[in-house]
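To keep things clear, I will list the structure first and then write my remarks on it.
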Number of protein chains: 2
Amino acid sequence: MQQDERGGKVTIVDIAREAGVSIKTVSRVINREEGVGEETRARVQALVDRLCYRPNVSARSLSSRRSYLIGAIFMRVGAYHYVGEVQVGAMRACRRAGYHLGVEQVRPPEAVGGVQGFAEGLRDARFDGVVLTPPTCDDPEVLAAVEAAGLPYVRIAPHREFERSPYVFMDDRRAAREQTLRLWNMGHRRIAFIDGPADHGSAERRRQGYLEAMRDRGVEPRPEWIAKGEFLSLSGFNATEALLRLKERPTAIFAANDEMAVGALAAAAKNGLSVPRDLSVVGFDDTPAAEAAWPRLTTVHQPTAEMAEAAVEMLIDGFGDERFRARVTARKLGYRLVQRDSAAPPSA
Amino acid sequence: MQQDERGGKVTIVDIAREAGVSIKTVSRVINREEGVGEETRARVQALVDRLCYRPNVSARSLSSRRSYLIGAIFMRVGAYHYVGEVQVGAMRACRRAGYHLGVEQVRPPEAVGGVQGFAEGLRDARFDGVVLTPPTCDDPEVLAAVEAAGLPYVRIAPHREFERSPYVFMDDRRAAREQTLRLWNMGHRRIAFIDGPADHGSAERRRQGYLEAMRDRGVEPRPEWIAKGEFLSLSGFNATEALLRLKERPTAIFAANDEMAVGALAAAAKNGLSVPRDLSVVGFDDTPAAEAAWPRLTTVHQPTAEMAEAAVEMLIDGFGDERFRARVTARKLGYRLVQRDSAAPPSA
DNA sequence: TCTGACTAAGACAACGTTGTCTTAATCCAT
DNA sequence: ATGGATTAAGACAACGTTGTCTTAGTCAGA
């Protein structure tokens, strides 16, 4: 069997010759199509395994008009931590289904090229479908470009137009509610909340969850307990300083994201408060900053990788379904409360 | 001109017909090959632009045996921040040269599949070449798999076997030296260093840079000024607590990475020291944690994206060069000191 | 035994490029 | 004018699959 190594490239022809069948039959076996006898299928499959045959993706996609490529679309590949998380999950789902993952970037608005360059890239990348991550999943121009290219797509955590495409999401509101109740159940009653930017959907949902929890427990949070924030650590720092100056100082602070929680930790330290002894601080997202912080942040894990995985799954499942876009579906994924070191019962 | 929109797909045949030339001539124009007259070239190019023709990558790679795909190889796509940075830079270089970026992951050792699955993925992804990021760039099994696949590759910041392939790097030692001197020039004399893990090449180079700077200024750092660390925030915290207990307390601390610097900030706060008034803290890497920290960390920017960009450039430039592997080259990239808020002249 | 329906498998033409040859035209030095 | 280079462009066959037809062969029911 010297042809195993003929230049390292084993083609479908080699398998067919060796098995004594036509290449079409081999093709049928590989693609799990019907029309092949039990015994023939086994013989071909064995040969495929033995010779380590892998179909040539270019030939395959040229012929079948499928690229076996899923695109993940980001606004700034470098900026957010979840880019990596999304890719992990997406790659998992891709590999399971024999697909590969390509990465495409919509240049942020301030850059040249903009959505133009993105549309071009989309065209010749020839994805079979794409997954849109926030904030691209709510950008009208991006959506238009993807739809113009005729690509099926699934959105991750969209904020708007839920009926426009299938999507995956997590229940921010409910998670925030539980996060708040966790503090409540520790014995905290004066719980403050550091809000995110006004136009940020997830920030709003988290605030609602906080409010809901407090009201559930019969407490109407005072307006001054809800501090404005910008999802940046400095804003968390400033908000916390203000909160600590209140005459009835909160015993716990729930920041709408981890970064602001880190700022809150700094403000506590500056004011001579030891966390969690004198003040509890919790965050949201479970980014690496939460692990890096000191004390390590108690937070809520957002299942980013799993959401991406689910999105790719939905995408691949939907292929071949003409009414893909029409049959809008959604999948909700669970969060997970992460207990670390920044929250404890109030000492008073 | 209604054939512009024939199903949205413009092929080389359309251009050829419209221009009244053979498809081969169009192909020559597109690939900037010679053998086409000035006037013909212009006419074809105009048509290409007008009809928005983009070559079909599958057909192209099937025929030319090139995939126009560069692979970026990571150990854990989700774990490190620089994954995103690397992709940004790599995509920049790819797009410039008409390539696309694929992402492949070597499952970390503890996962099933390991290098096996990676080798398979490599095979059918059909990259034209790959860029290896740390720590995959020093993993013997990964290197073996890539070489077995016959793929040209460039390594980013390797620690060992520099003669084995082209690579890009930055001068950690020199950057650390400058970082140290920056503190010195502010007036600090008792400068402590928090080291990284013993087997980590970049940690070692940074320590050497620190030592070199101190000795240049005629100071032999006392052994107790060099604290062990593990590149994690907790180790930075502990190291700092120990340093602050010294009778001659350092006025500045240089942590070998940002994460430990964040831990140092927390330790300072816990000990009632205001940074940078009572203690200066500087880090290294310029990760998002440095921005998120409070006060924002003065650090050294590692040009991760640029290194990836350079790596992809080297790779693409090397295509067609048979002796690619043999002609080992290296490219050094510059770092940048980032001045933020965690370092200032000593108050004493 | 014949017919029609079904099954397993093959023949053959795409798919949209690029690589290798070949040809026709032009040019310059003889 | 003549021959050898040089240049611009075309003809034609890959590239390695999949899609669409077609063809034997088998089986059940009349």
Side-chain angles (χ1 to χ4, degrees), chain A residues 3 6-45 47-48 51-69 98 123-126 128 319-320, chain B residues 3 6-45 47-48 51-69 98 123-126 128 319-320:
Chain A
Q3 58 266 66
R6 215 199 48 205
K9 308 294 180 191
V10 183
T11 79
I12 200 171
V13 180
D14 301 318
I15 307 287
R17 186 175 354 88
E18 197 80 6
V21 297
S22 74
I23 57 174
K24 183 67 217 189
T25 298
V26 178
S27 173
R28 287 194 179 99
V29 172
I30 290 161
N31 295 295
R32 292 174 172 67
E33 288 170 21
E34 50 185 16
V36 183
E38 186 69 25
E39 187 250 358
T40 311
R41 184 180 297 272
R43 184 157 42 91
V44 169
Q45 185 61 55
L47 226 45
V48 164
L51 301 188
C52 292
Y53 165 72
R54 323 235 73 194
N56 178 315
V57 284
S58 300
R60 185 199 280 244
S61 52
L62 177 59
S63 184
S64 67
R65 277 89 184 281
R66 282 170 158 230
S67 65
Y68 295 89
L69 252 185
R123 189 169 312 178
D124 63 23
R126 286 198 155 68
D128 286 343
F319 289 156
Chain B
Q3 58 266 65
R6 215 197 47 205
K9 307 296 180 191
V10 182
T11 79
I12 200 171
V13 181
D14 302 318
I15 307 289
R17 184 174 358 86
E18 197 81 6
V21 297
S22 74
I23 56 174
K24 183 65 216 189
T25 298
V26 178
S27 172
R28 287 195 179 101
V29 172
I30 290 161
N31 295 296
R32 292 174 173 65
E33 289 171 20
E34 50 184 18
V36 183
E38 185 70 24
E39 187 251 356
T40 311
R41 182 179 298 271
R43 183 157 42 93
V44 170
Q45 185 60 54
L47 227 45
V48 164
L51 302 187
C52 293
Y53 164 72
R54 322 236 74 195
N56 178 315
V57 284
S58 301
R60 188 200 281 247
S61 51
L62 178 59
S63 184
S64 67
R65 280 87 183 280
R66 283 171 158 227
S67 65
Y68 294 90
L69 252 187
R123 190 169 312 180
D124 64 24
R126 287 198 154 68
D128 286 342
F319 289 156

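Lettering of chains follows the sequences in order, A, B, ..., and the numbering in each one begins at 1.
Closest approach to the A:V36 side chain among D:dT18, C:dA9, C:dG16 is made by C:dA9 (side chain taken as heavy atoms from C-beta onward). Nearest nucleotide to the B:S22 side chain, out of D:dC15, D:dA11, D:dT17: D:dA11. Each of C:dT17, C:dC15, C:dG19 was ranked by its minimum atom distance to the side chain of A:R65; first place goes to C:dC15. Nearest nucleotide to the B:V21 side chain, out of C:dT18, D:dG10, D:dG19: D:dG10. The side chain of A:K24 sits closest to D:dT20 out of C:dT18, D:dA9, D:dT20. The side chain of B:R28 lies closest to D:dG10, out of C:dA14, C:dG19, D:dG10. Closest approach to the B:T11 side chain among C:dT17, D:dG19, D:dT17 is made by C:dT17 (side chain taken as heavy atoms from C-beta onward). Comparing D:dT17, C:dG10, C:dT17 by their nearest atom to the side chain of B:P55 picks out C:dT17. Nearest to the side chain of B:T25, among C:dA9, D:dA9, C:dT18, sits D:dA9.
Side chain of B:S67 to main chain of B:R126: a donor-acceptor pair is present (N/O by atom type, distance under 3.5 Å, no hydrogens or angles). Formation of a donor-acceptor pair under 3.5 Å by the B:R66 side chain with backbone atoms of B:D128 is not found in this model. B:S63 places no side-chain N or O within 3.5 Å of a backbone atom of B:A59 that could act as its donor or acceptor partner.
The phosphate of C:dC15 has neither OP1 nor OP2 within less than 4.0 Å of any side-chain N or O from B:N56. Distances shorter than 4.0 Å separate none of the side-chain N or O atoms of A:Y68 from OP1 or OP2 on D:dT18. Checking the phosphate oxygens (OP1, OP2) of C:dT18, a side-chain nitrogen or oxygen of B:S27 falls inside 4.0 Å. For D:dA9, the OP1/OP2 oxygens have a side-chain nitrogen or oxygen of B:T40 closer than 4.0 Å.
Atom CD1 of A:I23 and atom P of D:dG16 are 11 Å apart (whole Å). Protein atom CD of A:E39 is 13 Å distant from nucleotide atom C1' of C:dA9, rounded to whole Å. The CG-P distance, from A:N31 to D:dG16, rounds to 17 Å in whole Å. Rounded to whole angstrom, the span from the CZ atom of B:R60 across to the C1' atom of C:dG19 amounts to 14 Å. Distance, A:R66 CZ to C:dA14 C1': 18 Å, rounded to whole Å. The separation between A:E38 atom CD and C:dA8 atom C1' is 13 Å, rounded to whole Å. Distance B:I15 CD1 to C:dT18 P: 13 Å, rounded to the nearest Å. When the P atom of D:dG16 is taken as reference, atom CZ of B:R126 falls 9 Å away, rounded to whole Å.
Residue-to-nucleotide contacts include a donor-acceptor pair under 3.5 Å from the side chain of A:S63 to the base of D:dT17.
Atom CG in B:D14 sits 9.0 Å away from atom OH in B:Y53 (nearest 0.5 Å). With values rounded to the nearest 0.5 angstrom, A:I30 atom CD1 is found 11.0 Å from A:R41 atom CZ. To the nearest 0.5 angstrom, B:L51 atom CG is 4.5 Å from B:I15 atom CD1.
For B:V26 and A:G35, each mapped to the nucleotide of DNA chain C holding its nearest heavy atom, the one lying further toward the 5' end belongs to A:G35.
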